[in-house]
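Okay, so here's the structure we're looking at.
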Amino acid sequence: MSAASSSLLDIRAADLAANVRAGTTGASDAANAARERIAAVKAGPEFLNAILHQDPAAESAPTDASAALAGVPVALKGNFSTVVMPTDCGSRMLEGYIAPYEATAVRKLRAAGAVIIAKTNMDEFAMGSSNEHSAFGPVRNPLDPERVPGGSSGGSAVAVAAGVVRIALGSETGGSVRQPASFCGIVGVKPTYGRVSRYGLVAFASSLDHVAVFGKEVDDAALGLQVIAGHDERDSTSADRPVPDYRAESAKPLKGLVVGRPREYFPSSLDPRVVELCDRAFDTLRAQGAQVRDVSLPNTDLAIPVYYIIAPAEASSNLARFDGVRYGPRKTGDGLVGMYEATRSQGFGPEVTRRILLGTYVLSAGYYDAYYKRAQEVRALITHDFTAAFASGVHVMLTPTTPTPAFRLGAVSDPYEMYMNDIFTATANLAGVPAMSVPMGRIGGLPMGAQLIAGSFDEATMFRAAYALERGLGAEAHR
Ligand code: GLN
């Protein structure tokens, strides 16, 4: 890669777009630099397996004054419907599948001038926390290829962390953008449920699924979210609310901001090095005028059990369409039921199968009240924890994103242990509140993210704190 082309990927997406609009950078220059970078990464000694498909013909349209992302290369997780490049969801079930329409978020990116250059690898149907559950092989962490990048949006996280793009889309059901952002040393934002249309995002668990954004820096993620946010008549759960200018938060002072420290996110079992990094993050915000206050979210420990009832229940229903009739390559079996059995057992990997079995069980007659209904009740308590904390005067909360840095490939073989990765992130999906991960430092050379959580539809305040944290930590965030 030439020095000139690499510098196009080294500047913020907003600055690149401004240069393209001004005509000082060609509309395809950055996309071509990104493609060169993909080739270099793929040829490199540590083939990361992050990018599965490329669109060599993608170009920027428009590049006029309205184009917030003019010429900006963007990568998409493999579960966003696109009419070019397969939407394979990391699964044999959708291998080679080309969607007949495009997701609303993708249409909005294109309309803003973004160049959709690639689709990324992911845990099968977005189920996982390590990206070891893809039918197309595991994704590796660019900071240490023996380690996982996190999941399930690991391919998109790696595309950003390896310097291919400044902005990539992922999806979140329980932490699938924040956790890989933490593991890869980049920014990951999950907006409020309803802030971004889910139209065209292949469903996992509809009441928990969110379109989410990775950015190299806070500003890249803010710009990406800005472009895709807003009401969409094609998604009845998308909110008809004005979208504030998130990037305007970058220069705002923190005076008057109350930052909560939820005690349940700092259990005595937490690695003291993680606590230390968080304390430094609190100090950084304090030094800029914020006030830090202890808060309690008492039902936090119920989030994982509740998540692993509701998410599989909804998944078992959503994934019923992959039956060899509506979707999926049909396999032959004995009669209709035999065909379903053969198609589904050969098409789905072990983690997806486990979730479908679990979900079918908790929804079955006799167990519905004991598991599913009860889980919904506890979910309401978790949501109430957040409502009460924000009503008490806290504007944003800071927690670790993950309990540990990236682990080695193959190190976590027990599904339950894997599920515990989402212990700090799944709450925000259950409650629908916005949350993001921002790099806060390293442990043994491996990145750790600070999670910022705000009240519903208050992404602006979350970004205000995120910009301040990034600014205050400076290079320390990556050391
Ligand atoms: N790791 C969680 C799971 O396996 C969350 C996945 C996600 O957010 N898509 O379900």
Side-chain angles (χ1 to χ4, degrees), residues 76-80 89-91 120-134 138-139 148-157 168-184 188-191 193 196 198 201-214 303-319 348-359 362 375 379 401-404 406-407 412-437 449 451 453:
L76 306 174
K77 187 176 182 178
N79 56 355
F80 284 89
C89 294
S91 182
T120 61
N121 202 350
M122 58 185 277
D123 279 310
E124 186 172 10
F125 285 105
M127 298 173 187
S129 303
S130 68
N131 238 290
E132 293 167 294
H133 297 314
S134 166
V139 179
V148 304
S152 63
S153 314
S156 284
L169 291 195
S171 69
E172 273 241 10
T173 305
S176 277
V177 161
R178 284 164 287 157
Q179 187 250 17
S182 178
F183 280 13
C184 292
V189 180
K190 180 203 85 70
Y193 188 79
V196 178
R198 288 179 294 112
L201 172 69
V202 177
F204 164 5
S206 308
S207 78
L208 297 161
D209 291 347
H210 298 67
V211 170
V213 188
F214 290 105
I304 292 297
V306 164
Y307 175 86
Y308 279 97
I309 293 172
I310 296 175
E314 294 184 15
S316 70
S317 165
N318 276 326
L319 270 56
F348 291 135
E351 185 59 29
V352 176
T353 305
R354 180 158 37 243
R355 305 282 180 107
I356 292 172
L357 289 171
L358 197 59
V362 299
R379 180 181 188 174
T401 305
T402 53
T404 66
F407 44 90
V412 180
S413 54
D414 173 31
Y416 186 73
E417 198 185 329
M418 189 70 88
Y419 297 170
M420 293 314 278
N421 261 282
D422 303 316
I423 187 155
F424 299 144
T425 51
T427 46
N429 296 75
L430 290 162
V433 294
M436 68 191 285
S437 182
Q451 174 172 235
I453 311 174

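Note that this is a predicted model, so its numbers are computed, not measured. Quick note: numbers below take in every heavy atom, side chains included, and nothing from hydrogens, waters or symmetry partners. Read the numbers this way: they start at 1 and go in the same order the structure lists the ligands and their atoms.
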At under 4.0 Å between heavy atoms, which part of [X] makes contact with ligand 1: side chain, backbone, both or neither?
{"X": "Thr173", "result": "both"}
{"X": "Ser152", "result": "side chain"}
{"X": "His133", "result": "neither"}

Quiz item: Would you say the side chains of Ser182 and Thr401 form a donor-acceptor pair under 3.5 Å?
Solution: no
Exercise. Mind running side-chain hydrogen bond (donor to acceptor under 3.5 Å, both in side chains) on Ser156 and Thr120 for me, showing each step along the way?
Key: CA-CA 6 Å; Ser156 284; Thr120 61; 2.9 Å; yes
Quiz item: Taking the non-hydrogen atoms of Arg355, is any one of them nearer than 4.0 angstrom to ligand 1?
Solution: yes
Practice problem: Would you please determine whether Ala311 falls within less than 4.0 Å of ligand 1 on a heavy-atom basis? | Solution: no
Report the nearest protein non-hydrogen atom to [atom]: residue, atom name, distance rounded to 0.1 Å.
{"atom": "atom 5 (C) of ligand 1", "answer": "Tyr307 OH, 3.2 Å"}
{"atom": "atom 6 (C) of ligand 1", "answer": "Ser176 OG, 2.8 Å"}
{"atom": "atom 2 (C) of ligand 1", "answer": "Asp422 OD2, 2.9 Å"}

Quiz item: Which atoms from ligand 1 have a heavy atom of Met127 less than 4.0 Å away?
Solution: 4 (O)
Exercise. Mark up the atoms of ligand 1 that fall under 4.0 Å of a heavy atom belonging to Ala126, in ascending order.
Key: 6 (C), 7 (C), 9 (N)
Quiz prompt | Heavy-atom side-chain contact between Glu172 and Arg178 under 4.5 Å | solution = yes
Quiz item: Gln451 side chain to Phe424 main-chain N or O, any donor-acceptor pair under 3.5 Å?
Solution: yes
Considering both backbone and side-chain atoms of [X], is one of its nitrogen or oxygen atoms within less than 3.5 Å of a nitrogen or oxygen in ligand 1?
{"X": "Phe204", "value": "no"}
{"X": "Ser129", "value": "yes"}
{"X": "Glu172", "value": "no"}
{"X": "Lys77", "value": "no"}

Exercise. Out of Tyr308, Phe125, Tyr419, indicate the one that has the non-hydrogen atom closest to atom 3 (C) of ligand 1.
Key: Tyr308
